[in-house]
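Note on naming: letters A, B, ... go to the chains in the order of the sequence lines (proteins, then strands), and numbering restarts at 1 for each one.
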There are 2 protein chains.
Amino acid sequence: MLEAAIGKMRGGGYKATPQRTAVLRALAEEQHQSLEEIRARCPGVGLVTVYRTLDLLSELGIVRRLDLGDGARYEMAKDHHHHAICESCGDISEFEKCPLDPTLLPLEASDFEVRSHSLEVYGRCAACR
Amino acid sequence: MLEAAIGKMRGGGYKATPQRTAVLRALAEEQHQSLEEIRARCPGVGLVTVYRTLDLLSELGIVRRLDLGDGARYEMAKDHHHHAICESCGDISEFEKCPLDPTLLPLEASDFEVRSHSLEVYGRCAACR
DNA sequence: CTGTAACTGAAAAAAGTTTTCAATTGGCGG
DNA sequence: CCGCCAATTGAAAACTTTTTTCAGTTACAG
Ligand SMILES: [Mn+2]
Ligand SMILES: [Mn+2]
Ligand SMILES: [Zn+2]
Ligand SMILES: [Zn+2]
């Protein structure tokens with residue numbers, strides 16, 4: 001898990017420092033954390049280093065940055081998935097089954113080459129109903 | 001167009017000031033503008049007033065705020081639609097046909113009540129290919 | 001017209017992010 | 001192992017974006 005990420009860093013010519021490993025461990029503990037949440041999980045690491053590490057991990061494809069309106073959040077990059085966001089409690093859950101119907105994409109015809117997509121579903125989670 | 005928005009403001013107990021109308025006119029000129037782009041179209045209006053007007057118009061449902069990763073953008077609220085974003089030139093185009101297959105939404109079964117969704121498609125526009 | 005609650009905008013504060021730079025260190029070459 | 005040095009770190013400062021404050025102004029109901 002972390003070994004793979006550390007290997008990818010070394011392979012890219014980057015050092016595997018204790019700070020970077022600490023940030024990785026923090027990210028592994030929970031998905032969709034804000035910068036401050038990540039920082040709380042690795043108190044020894046300086047603010048600037050957390051920012052820089054998240055940038056580096058994003059470039060390496062290890063981390064994905066989410067912009068869901070209320071500030072940036074970060075997650076370990078996993079398989080293609082989407083998010084269900086509760087408008088009441090803010091909880092973010094994931095689902096893998098992609099409800100996009102490719103045949104309905106009206107863009108292929110219009111010269112726009114689709115590379116990826118991002119879908120978020122908003123509503124009320126079970127607990128908040 | 002603007003009349004409807006002004007009426008909605010008055011109806012909500014808000015004043016239709018020249019500043020607010022100027023921001024509305026700026027928004028009507030182009031979709032998906034950043035704050036500074038909007039501000040450039042109504043030079044007489046103070047920065048703080050633009051922020052406050054966009055907040056107000058959002059609450060009234062006249063304006064929609066988009067968070068697409070590179071800072072906030074604003075558009076006049078229209079019918080349900082989605083965005084195709086060119087990763088090369090940054091151009092944002094719209095499409096109305098919603099490619100979501102409701103029967104594939106795996107959430108209805110899982111006690112999550114879906115209220116709305118947001119879908120963005122990333123790739124290359126015709127001009128950039 | 002007039003009174004007043006709503007509104008505006010300059011300045012200051014707060015929040016979030018990036019840059020700078022001197023000191024430190026991971027890891028390769030010897 | 002050791003020592004070197006480019007890569008890395010973190011405190012401070014700078015910058016960017018957004019919010020708060022507050023004194024003066026204004027839209028508009030009555
Ligand atoms: Mn996720
Ligand atoms: Mn749009
Ligand atoms: Zn999908
Ligand atoms: Zn849709």
Side-chain angles (χ1 to χ4, degrees), chain A residues 2-27 32-60 62-75 90, chain B residues 2-27 32-60 62-75 90:
Chain A
L2 296 193
E3 293 312 309
I6 290 173
K8 207 180 266 188
M9 293 201 338
R10 289 232 173 84
Y14 300 101
K15 294 182 178 175
T17 66
Q19 290 91 340
R20 285 173 178 170
T21 343
V23 171
L24 272 173
R25 269 197 304 272
L27 287 164
H32 319 133
Q33 294 181 81
S34 68
L35 186 110
E36 286 307 325
E37 287 167 345
I38 294 167
R39 221 151 87 78
R41 293 191 201 269
C42 44
V45 184
L47 169 67
V48 184
T49 298
V50 177
Y51 272 112
R52 285 190 289 222
T53 301
L54 291 171
D55 284 352
L56 173 63
L57 296 175
S58 298
E59 268 160 35
L60 292 174
I62 297 167
V63 157
R64 188 157 73 116
R65 180 197 162 109
L66 308 175
D67 288 285
L68 303 174
D70 66 325
R73 297 191 162 270
Y74 301 86
E75 66 175 10
Chain B
L2 295 194
E3 292 311 310
I6 289 173
K8 207 181 263 188
M9 294 203 335
R10 290 231 173 85
Y14 300 101
K15 293 181 178 176
T17 67
Q19 289 91 340
R20 286 174 178 168
T21 343
V23 171
L24 272 174
R25 269 197 302 272
L27 288 163
H32 319 134
Q33 295 181 81
S34 69
L35 186 109
E36 285 308 325
E37 288 167 345
I38 294 167
R39 220 151 89 77
R41 293 191 201 268
C42 43
V45 184
L47 169 67
V48 184
T49 298
V50 177
Y51 271 112
R52 285 190 288 223
T53 301
L54 291 171
D55 284 352
L56 173 64
L57 295 176
S58 298
E59 268 159 35
L60 292 175
I62 297 167
V63 158
R64 188 156 74 115
R65 181 197 161 109
L66 307 175
D67 288 284
L68 303 174
D70 66 326
R73 298 192 162 268
Y74 301 87
E75 65 175 10

How far apart are the closest heavy atoms of [X] and [Y], and which atoms are they?
{"X": "Leu56(B)", "Y": "Met9(B)", "answer": "CD2-SD, 4.4 Å"}
{"X": "Ala16(A)", "Y": "Arg10(A)", "answer": "CB-NH2, 3.6 Å"}
{"X": "Leu60(A)", "Y": "Tyr14(A)", "answer": "CD2-CE1, 4.2 Å"}

Residue pair Thr53(A), Val45(A): steps toward the side chain to side chain contact (heavy atoms under 4.5 Å, CB included) verdict: CA-CA 10 Å; Thr53(A) 301; Val45(A) 184; 5.8 Å; no
Within residues 5-13 of chain B: residues closer than 4.0 Å to DNA chain C (heavy atoms): none
Sub-4.0 Å heavy-atom contacts from residues 52-60 of chain A onto DNA chain C, ordered by number: Arg52(A)
Atom [atom1] of [X] to atom [atom2] of [N]: distance rounded to whole Å?
{"X": "Arg39(A)", "N": "dA11(D)", "atom1": "CZ", "atom2": "C1'", "answer": "12 Å"}
{"X": "Arg73(B)", "N": "dT17(D)", "atom1": "CZ", "atom2": "C1'", "answer": "15 Å"}
{"X": "Leu47(A)", "N": "dG16(C)", "atom1": "CG", "atom2": "C1'", "answer": "9 Å"}
{"X": "Tyr14(B)", "N": "dT8(C)", "atom1": "OH", "atom2": "P", "answer": "12 Å"}

Presence of Thr17(A) side-chain N/O under 4.0 Å of dG26(C) phosphate oxygens OP1/OP2: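 No, no such contact exists.
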Under-4.0 Å side-chain N/O to phosphate OP1/OP2 contact, Gln19(B) with dC7(C): no
Side chain to side chain contact (heavy atoms under 4.5 Å, CB included) between Ile6(B) and Arg20(B), worked out: CA-CA 9 Å; Ile6(B) 289 173; Arg20(B) 286 174 178 168; over 6 Å; no
Nearest-0.5 Å distance that lies between atom OH in Tyr51(B) and atom CZ in Arg39(B): 8.5 Å
Side-chain donor/acceptor of Gln33(B) to backbone N/O of Arg41(B), under 3.5 Å: no
Qualifying residues under salt bridge (Lys or Arg N to Asp or Glu O under 4.0 Å), relative to Arg65(A), sequence neighbours excluded: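 Salt bridge (Lys or Arg N to Asp or Glu O under 4.0 Å) check on Arg65(A) returns Asp67(A).
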Minimum-distance nucleotide (side-chain atoms of Arg20(A) versus dT8(D), dT18(D), dC7(C)): dT8(D)
Minimum-distance nucleotide to Tyr51(B) side chain [options: dT19(D), dC7(C), dG16(C)]: dT19(D)
Set out, line by line, the N/O atom pairs under 3.5 Å between protein and nucleotides 3-5 of chain D.
none

Candidate list Ile62(A), Leu27(A), Thr49(A), test side chain to side chain contact (heavy atoms under 4.5 Å, CB included), partner Leu54(A), passing option: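 Going through Ile62(A), Leu27(A), Thr49(A) one by one, the side chain to side chain contact (heavy atoms under 4.5 Å, CB included) with Leu54(A) is satisfied by Leu27(A) alone.
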Derivation and outcome, side chain to side chain contact (heavy atoms under 4.5 Å, CB included), residues Val23(B) and Gln19(B): CA-CA 6 Å; Val23(B) 171; Gln19(B) 289 91 340; 5.8 Å; no
Touch class at under 4.0 angstrom, heavy-atom based, for Ala16(B) against every strand present: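 Touches sugar-phosphate only.
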Close residues, residues 62-71 of chain B, relative to DNA chain D [heavy-atom separation under 4.0 Å]: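 Listed by number, there are none.
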Partner of His32(A) by side chain to side chain donor-acceptor pair (under 3.5 Å), out of Arg64(A), Arg73(A), Glu75(A): Glu75(A)
Is there any protein nitrogen or oxygen under 3.5 Å from a nitrogen or oxygen in nucleotides 11-14 of chain C, and what are the pairs?
none

